[in-house]
2 protein chains.
Amino acid sequence: MATHSHDTSLAGLTRNQSLVMGALSGASAPLSAYAILDQLREAGVRAPLQVYRALDKLVELGLVHRLESLNAFVACRHAGCETHDITAFTICEQCGKVAEVTDSKLAGQLEEIARRQGFRATKSTVELRGLCKQCQAAASVA
Amino acid sequence: MATHSHDTSLAGLTRNQSLVMGALSGASAPLSAYAILDQLREAGVRAPLQVYRALDKLVELGLVHRLESLNAFVACRHAGCETHDITAFTICEQCGKVAEVTDSKLAGQLEEIARRQGFRATKSTVELRGLCKQCQAAASVA
DNA sequence: ATTTGTCATGTTATAAGGTTACATATTGTG
DNA sequence: CACAATATGTAACCTTATAACATGACAAAT
């Protein structure tokens, strides 16, 4: 029998969540919530909230990251990765490509900074904007 | 007679710039561009653009920082500080207080991460969200 | 099988953040 | 003075995000 309504396809995700996840997985650069919305209109998604709610959940599950300096979202590339503690992102301003880096020394350094102040961090944002290797090469040709 | 138009008061700043700088300097927590606008209406500032233009310049001068995870702005606390390269921020979600930290080990680690990828960074965002020391103490009482 | 609780959905309207385009004024410099 | 460069003012607009409220789907317990 057909599982009506909530068809998940990706374990445990609801329809809207898997639509949003699919859009992000298929993208080569971060997508804004509204870009996702536009892309999913023909699949029946009509309102910003449907996208934002799905994004909230996906971020909570660690399947998607929000890039604060871009107000946009990317699918997590660390397949089944569990260590979602502290991730740094490099974001190419030319081609939009994003790389995720987890680095224990960086994590340690951030913890140290917090500790020195008696600050209890619950979330961290580390984003580097600039040019990726490929785009630097392309630029130097021009 | 009143100095019409560009009175700077803080070296080299135009009227709008020093109004915005004043608003941020007097605040104990980050202000959004629109909060600044509201606060400066009686001083004759009417449109968002006037605030954004001033903010752009102040950020460029290193007198103000933008907090990406908050879409808000703070006055730089490092008085005449020249080393505006890489700054980390701790942001208390309870009281709004922000601390600026410059740490050469952190800077080194970020450079290392970029170098490994051949990434050329032009701008960095490092923000820790959580509870400051005081607010932790207050919370543990409740 | 209805109740009840919980979570996801759908929709409208609106708040908050930020930019484009264009006209005007100021000011410093040759 | 004249001119370029920079700062200003204003309106309209676009993008990003949330509030408020009603509905639907399903599980577990009666």
Side-chain angles (χ1 to χ4, degrees), chain A residues 1-21 23-24 29-61 63-74 96 125, chain B residues 1-21 23-24 29-61 63-74 96 125:
Chain A
M1 72 69 222
T3 72
H4 63 188
S5 86
H6 294 184
D7 188 347
T8 64
S9 76
L10 278 147
L13 296 185
T14 67
R15 171 177 160 78
N16 283 351
Q17 287 161 13
S18 63
L19 283 170
V20 169
M21 192 66 210
L24 286 173
L31 296 178
S32 74
Y34 279 72
I36 294 170
L37 175 57
D38 286 344
Q39 200 173 312
L40 295 182
R41 267 190 221 282
E42 59 179 28
V45 179
R46 296 170 200 199
L49 251 196
Q50 298 176 270
V51 174
Y52 280 108
R53 289 203 272 232
L55 285 170
D56 282 351
K57 181 56 89 173
L58 292 170
V59 167
E60 187 187 321
L61 294 174
L63 297 173
V64 164
H65 297 290
R66 175 188 182 108
L67 300 174
E68 302 284 354
S69 70
L70 238 40
N71 293 327
F73 302 82
V74 282
T125 299
Chain B
M1 139 242 152
T3 72
H4 61 191
S5 86
H6 295 184
D7 187 347
T8 65
S9 75
L10 278 146
L13 297 185
T14 66
R15 170 174 162 79
N16 284 351
Q17 288 160 15
S18 64
L19 284 170
V20 169
M21 191 66 209
L24 286 172
L31 296 178
S32 74
Y34 279 70
I36 295 170
L37 176 55
D38 286 343
Q39 200 173 311
L40 295 182
R41 266 189 221 283
E42 60 179 29
V45 179
R46 298 172 198 199
L49 196 46
Q50 298 176 269
V51 174
Y52 281 109
R53 288 200 275 231
L55 285 170
D56 282 351
K57 181 58 85 174
L58 293 170
V59 167
E60 188 187 321
L61 294 174
L63 297 175
V64 164
H65 298 291
R66 175 190 182 109
L67 299 174
E68 301 285 355
S69 70
L70 237 42
N71 292 328
F73 301 81
V74 283
T125 299

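Naming: A, B, ... by sequence-line order, numbering from 1 per chain. Keep in mind the model is a prediction, meaning the values are calculated, not measured. Keep in mind that the numbers below use all heavy atoms, side chains included, and drop hydrogens, waters and symmetry copies.
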With sequence neighbours left out, what residues match A/Asp56 under side-chain hydrogen bond (donor to acceptor under 3.5 Å, both in side chains)? none
Identify which nucleotide among C/dA8, D/dT10, D/dA7 has an atom closest to any side-chain atom of B/Thr14, counting heavy atoms from C-beta outward. D/dA7
side-chain contact (heavy atoms from CB on, under 4.5 Å) involving A/Ala47 - partner list, sequence neighbours excluded: A/Gln50
Of all residues at least two apart in sequence or in a different chain, which pass the side-chain contact (heavy atoms from CB on, under 4.5 Å) check with A/Ala29? none
To the nearest 0.5 angstrom, please state how far the CD1 atom of A/Ile36 sits from the OH atom of A/Tyr52. 9.0 Å
Got a sec, which pairs hit salt bridge (Lys or Arg N to Asp or Glu O under 4.0 Å) with one end in residues 33-51 of chain A, sequence neighbours left out? A/Asp38-A/Arg41
Please list, in numerical order, the residues of residues 38-46 of chain A that have a heavy atom closer than 4.0 Å to any atom of DNA chain C. A/Arg46
Side chain of B/Arg53, heavy atoms from C-beta onward: which of D/dA20, C/dA21, D/dG9 has the nearest atom to it? D/dG9
Pairwise distance CG(A/Leu61) to CD(A/Gln17) - rounded to 0.5 angstrom: 7.0 Å
Do nucleotides 13-18 of chain C as a string where each nucleotide becomes B, S or -: B if the base has a protein heavy atom under 4.0 Å, S if just the sugar-phosphate does, - if no protein is that close. ----BB
First encountered from the 5' end of DNA chain C, between B/Asp56 and A/Leu49: A/Leu49
List for me each residue that meets side-chain contact (heavy atoms from CB on, under 4.5 Å) alongside B/Ala72, sequence neighbours excluded, and say none if there are none. B/Pro30, B/Leu70
If the condition is side-chain hydrogen bond (donor to acceptor under 3.5 Å, both in side chains), which residues does B/Asn16 pass it with, not counting sequence neighbours? none
Nearest 0.5 angstrom please: A/Arg53 CZ to A/Leu58 CG, how far? 14.0 Å
Can you tell me how far C1' of D/dA7 sits from CZ of B/Arg15, to the nearest Å? 13 Å
Taking side-chain hydrogen bond (donor to acceptor under 3.5 Å, both in side chains) as the definition, give me every residue that meets it alongside A/Glu68, ordered by chain and number, with sequence neighbours left out. A/Arg66, A/Lys123
Five-pair end axes of the helix from C/dA1-D/dT30 to C/dG30-D/dC1 and the angle they enclose, rounded to 10°: 20°
Rounded to the nearest 0.5 Å, what separation is found between the CG atom of A/Leu24 and the CG atom of A/Leu31? 5.5 Å
B/Ala47 side chain: which of C/dG10, D/dT10, D/dG9 is closest? D/dT10
Can you see if the side chain of A/Gln50 gets near the phosphate of C/dG10 - specifically, an N or O under 4.0 Å from OP1 or OP2? yes
